[in-house]
J.: 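The following block contains the structure, expressed as structure tokens.
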Amino acid sequence: VQLQASGGGSVQPGDSLRLSCEISGFTLQRYVIGWFRQAPGKEREGVACISNYDDSTDYGNSVKGRFTISRDNAKATVYLQMNNLKPEDTAVYYCVADQPPAYGWYSLDSAEYDYWGQGTLVTVSS
């Protein structure tokens, strides 16, 4: 099971970025995918997750209305579209995966996920 995150970079406040998470070694359709982030000196934070059952989504309060998670099973890729970026969005972003323990499950609890990618750095600064 491998998750390869990409798309990070340095942008200015108000800009947009799209992160990608390429999946290999397992069938994306069978896994719930999430994005988490961690800024220096701060706790890990749940950003977004998407169900493998019906593409239901959940978002952390700090990104609701600005970030969108989506999945393309044919391309084995999950995306995180980030709009109106703010300096407080600066962090290393990780994509994660796990098989749902129950039908329709998805979660923003990082402890629920067994598989983690290597992270991609997003820096928002003027």
Side-chain angles (χ1 to χ4, degrees):
V1 174
Q2 289 191 332
L3 302 98
Q4 181 73 39
S6 62
S10 295
V11 297
Q12 294 187 337
D15 285 351
S16 297
L17 273 178
R18 188 176 78 162
L19 304 184
S20 298
C21 179
E22 295 185 29
I23 311 299
S24 61
F26 62 94
T27 303
L28 179 58
Q29 292 95 314
R30 297 180 181 176
Y31 283 74
V32 173
I33 305 295
W35 285 96
F36 290 80
R37 68 186 182 186
Q38 189 161 21
K42 294 187 177 181
E43 292 187 355
R44 187 179 296 160
E45 177 185 8
V47 176
C49 60
I50 184 165
S51 164
N52 68 318
Y53 169 58
D54 59 1
D55 287 352
S56 293
T57 57
D58 195 13
Y59 297 91
N61 288 333
S62 61
V63 307
K64 282 181 180 177
R66 299 187 298 123
F67 290 12
T68 303
I69 188 172
S70 61
R71 59 196 295 153
D72 186 334
N73 290 333
K75 295 183 177 180
T77 302
V78 176
Y79 303 99
L80 184 68
Q81 178 66 42
M82 306 186 295
N83 297 330
N84 190 22
L85 282 161
K86 303 176 180 181
E88 51 264 41
D89 294 319
T90 296
V92 176
Y93 284 72
Y94 300 91
C95 60
V96 304
D98 214 330
Q99 289 186 297
Y103 203 56
W105 175 91
Y106 53 99
S107 173
L108 281 177
D109 182 354
S110 62
E112 300 282 359
Y113 293 89
D114 286 338
Y115 304 106
W116 289 68
Q118 86 292 353
T120 185
L121 176 63
V122 173
T123 302
V124 185
S125 174
S126 56

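For clarity, every value in this text was computed on a predicted model and none was experimentally measured.
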J.: Show me the pairs that pass ring-ring contact (aromatic ring centres under 6.0 Å, His included) and involve residues 42-84, at least two apart or across chains.
T.: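 The answer is Tyr53-Tyr103.
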J.: Nearest 0.5 Å, what's the CG-CG distance between Leu28 and Asn73?
T.: 4.5 Å
J.: Over all heavy atoms of both residues, which pair between Pro13 and Ser126 is shortest? Give the atoms and the distance, please.
T.: CD-N, 3.7 Å
J.: Tell me, with the steps shown, if Trp105 and Glu112 meet side chain to side chain contact (heavy atoms under 4.5 Å, CB included).
T.: CA-CA 11 Å; Trp105 175 91; Glu112 300 282 359; 3.5 Å; yes
J.: Could you tell me whether the side chain of Gln118 and the main chain of Ala5 form a donor-acceptor pair under 3.5 Å?
T.: yes
J.: Side chain of Thr90, backbone of Val124: donor and acceptor closer than 3.5 Å?
T.: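 Confirmed, Thr90 side chain pairs with Val124 backbone.
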J.: Testing the basics here: between Ser16 and Asn83, what is the closest heavy-atom pair and its distance to 0.1 Å?
T.: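 Scanning both residues completely, I find the closest heavy atoms to be OG-OD1, 2.9 Å.
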J.: Please name all residues satisfying side-chain hydrogen bond (donor to acceptor under 3.5 Å, both in side chains) with Ser56, sequence neighbours left out, ordered by chain then number.
T.: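 Only Asp54 meet the side-chain hydrogen bond (donor to acceptor under 3.5 Å, both in side chains) criterion with Ser56.
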J.: Just by distance, do the side chain of Asp114 and the backbone of Asp98 share a donor-acceptor pair under 3.5 Å?
T.: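 Side chain of Asp114 to backbone of Asp98, a donor-acceptor pair under 3.5 Å: no, none is there.
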J.: If two hydrophobic side chains count as joined below 4.5 Å and joins carry through other members, does Val92 share a cluster with Met82?
T.: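 Val92 does not cluster with Met82.
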J.: Go through the structure and list residues passing side-chain hydrogen bond (donor to acceptor under 3.5 Å, both in side chains) with Arg66, not counting sequence neighbours.
T.: Asp89
J.: Determine whether Val96 and Ile50 fall in the same hydrophobic cluster, where Ile, Leu, Val, Met, Phe, Trp and Tyr are linked whenever their side-chain heavy atoms lie under 4.5 Å apart.
T.: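 Different hydrophobic clusters.
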J.: From Asp58 CG over to Lys64 NZ, what is the distance, rounded to the nearest 0.5 angstrom?
T.: 6.0 Å
J.: Can you measure from CG (Leu19) to CH2 (Trp35) and round to the nearest 0.5 angstrom?
T.: 4.5 Å
J.: Of all the heavy-atom pairs spanning Ile33 and Ala97, show the shortest one and how long it is.
T.: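 Looking at all heavy atoms of both residues, the shortest contact is CD1-CB, 3.5 Å.
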J.: Does Tyr31 have any ring pair (Phe, Tyr, Trp, His ring centres under 6.0 Å) partners at least two apart in sequence or in another chain, and if so, which?
T.: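 Tyr31 satisfies ring pair (Phe, Tyr, Trp, His ring centres under 6.0 Å) with Phe26 only.
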J.: Drop me the distance from Arg37's CZ to Glu45's CD, to the nearest 0.5 angstrom.
T.: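 It comes to 4.0 Å.
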J.: Please give me the minimum heavy-atom distance between Val63 and Val47, naming the atom from each residue.
T.: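 Shortest heavy-atom contact: CG2-O, 3.4 Å.
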J.: Kindly give the heavy-atom pair with the smallest separation between Cys95 and Leu3, and that separation in Å.
T.: SG-CB, 3.6 Å
J.: The criterion is side-chain hydrogen bond (donor to acceptor under 3.5 Å, both in side chains); which residues satisfy it with Glu88, sequence neighbours excluded?
T.: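 Result, side-chain hydrogen bond (donor to acceptor under 3.5 Å, both in side chains) vs Glu88: none returned.
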J.: Give a yes or no on whether the backbone of Gln29 and the side-chain of Asn52 come within a donor-acceptor separation of less than 3.5 Å.
T.: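 Answer holds: yes.
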J.: To the closest 0.5 Å, what do you measure between OG (Ser70) and CZ (Arg18)?
T.: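 CZ of Arg18 is found 7.0 Å from OG of Ser70.
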J.: Yes or no on side chain to side chain contact (heavy atoms under 4.5 Å, CB included) for Thr77 and Glu22, after CA distance, side-chain angles and deciding distance?
T.: CA-CA 5 Å; Thr77 302; Glu22 295 185 29; 3.9 Å; yes
J.: Is the backbone of Val32 close enough, under 3.5 Å, to the side chain of Arg71 for a donor and an acceptor to pair up by distance?
T.: no
J.: What residues, two or more places apart in sequence or in another chain, satisfy ring pair (Phe, Tyr, Trp, His ring centres under 6.0 Å) together with Phe36?
T.: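 Scan of Phe36 (ring pair (Phe, Tyr, Trp, His ring centres under 6.0 Å), adjacent residues dropped) gives Tyr113, Trp116.
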J.: Considering non-hydrogen atoms only, spot the tightest contact between Ile69 and Val78 and give its length.
T.: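 Residues Ile69 and Val78, closest heavy atoms: CG1-CG1, 3.9 Å.
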